[in-house]
Amino acid sequence: MRKHYKVGQFVKVKVTGIQPYGAFVETPDHVEGLIHISEVMNDYVHNLNQFLSVGQIVKAKVIKVENDGKLSLSLKENEYFKRQERKKEKRSVLDEIRETEKYGFLPLKERLPKWINQSNKHLEDD
């Protein structure tokens with residue numbers, strides 16, 4: 001027998017699939033749900049695979065129960081994802097360049113290939 005889920009309830013779910021827009025999940029009693037990418041944390045999430053993986057079990061909050069019984073869930077109140085949000089470091093290549101400006105041109109020449117690779121990687125991820 002399936003449980004009846006209510007908005008505001010926390011439930012453990014298993015990630016069954018990941019798409020660019022969110023993660024598909026399933027409860028232990030086989031109710032399907034979706035954690036939209038915007039419901040992972042308050043910060044911008046560029047790549048969901050950095051936070052979730054297929055087979056992972058997470059505690060999520062029910063934010064909506066559809067007419068067909070499917071769940072919309074959020075991780076924003078999950079303590080693990082709150083800590084990840086606080087740890088998330090926003091550094092750009094320009095920040096690294098500013099740090100090395102005081103050392104002169106030689107360190108810049110040494111670091112340029114690294115910065116180019118980082119920039120190319122960010123472009124590929126987009």
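All residue numbers refer to positions in the sequence shown, counting from 1.
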Looking at CG of Leu34 and CD of Gln19, how far apart are the two atoms once the value is rounded to the nearest 0.5 Å?
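So the gap between those two atoms works out to 10.0 Å.
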Do [X] and [Y] come close enough that some side-chain heavy atom pair is under 4.5 Å?
X: Val7; Y: Gln9; answer: no
X: Val11; Y: Leu73; answer: yes
X: Ile57; Y: Val13; answer: no
X: Val25; Y: Thr16; answer: no
X: Val15; Y: Phe24; answer: no
X: Asn49; Y: Ile18; answer: yes
X: Asp29; Y: Tyr5; answer: yes

For Ile63, all residues meeting side-chain contact (heavy atoms from CB on, under 4.5 Å), sequence neighbours excluded
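By the side-chain contact (heavy atoms from CB on, under 4.5 Å) rule, Ile63 matches Glu39, Ser72, Ser74.
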Main-chain N/O of Lys59 paired with Asn78 side-chain donor or acceptor, under 3.5 Å
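Such a contact is found between Asn78 side chain and Lys59 backbone.
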Can any side-chain N or O of Lys76 pair as donor or acceptor with the backbone N or O of Ser38 at less than 3.5 Å?
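Side chain of Lys76 to backbone of Ser38: a pair is present.
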So, for Ile35 and Ala60, which heavy atoms are closest and what is the spacing to 0.1 Å?
CD1-CB, 4.4 Å
Looking at every non-hydrogen atom in both residues, tell me the closest pair between Phe51 and Gln56 and how far apart they are.
O-OE1, 3.6 Å
So that I can tick it off, tell me whether Glu26 and Lys14 are bridged by a salt bridge, with the cut-off set at under 4.0 angstrom between side-chain N and carboxylate O.
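Looking at Lys14 and Glu26, the cut-off is not met.
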Would you call the rings of Tyr44 and His46 parallel, tilted or perpendicular, taking 30° and 60° as the class edges?
tilted
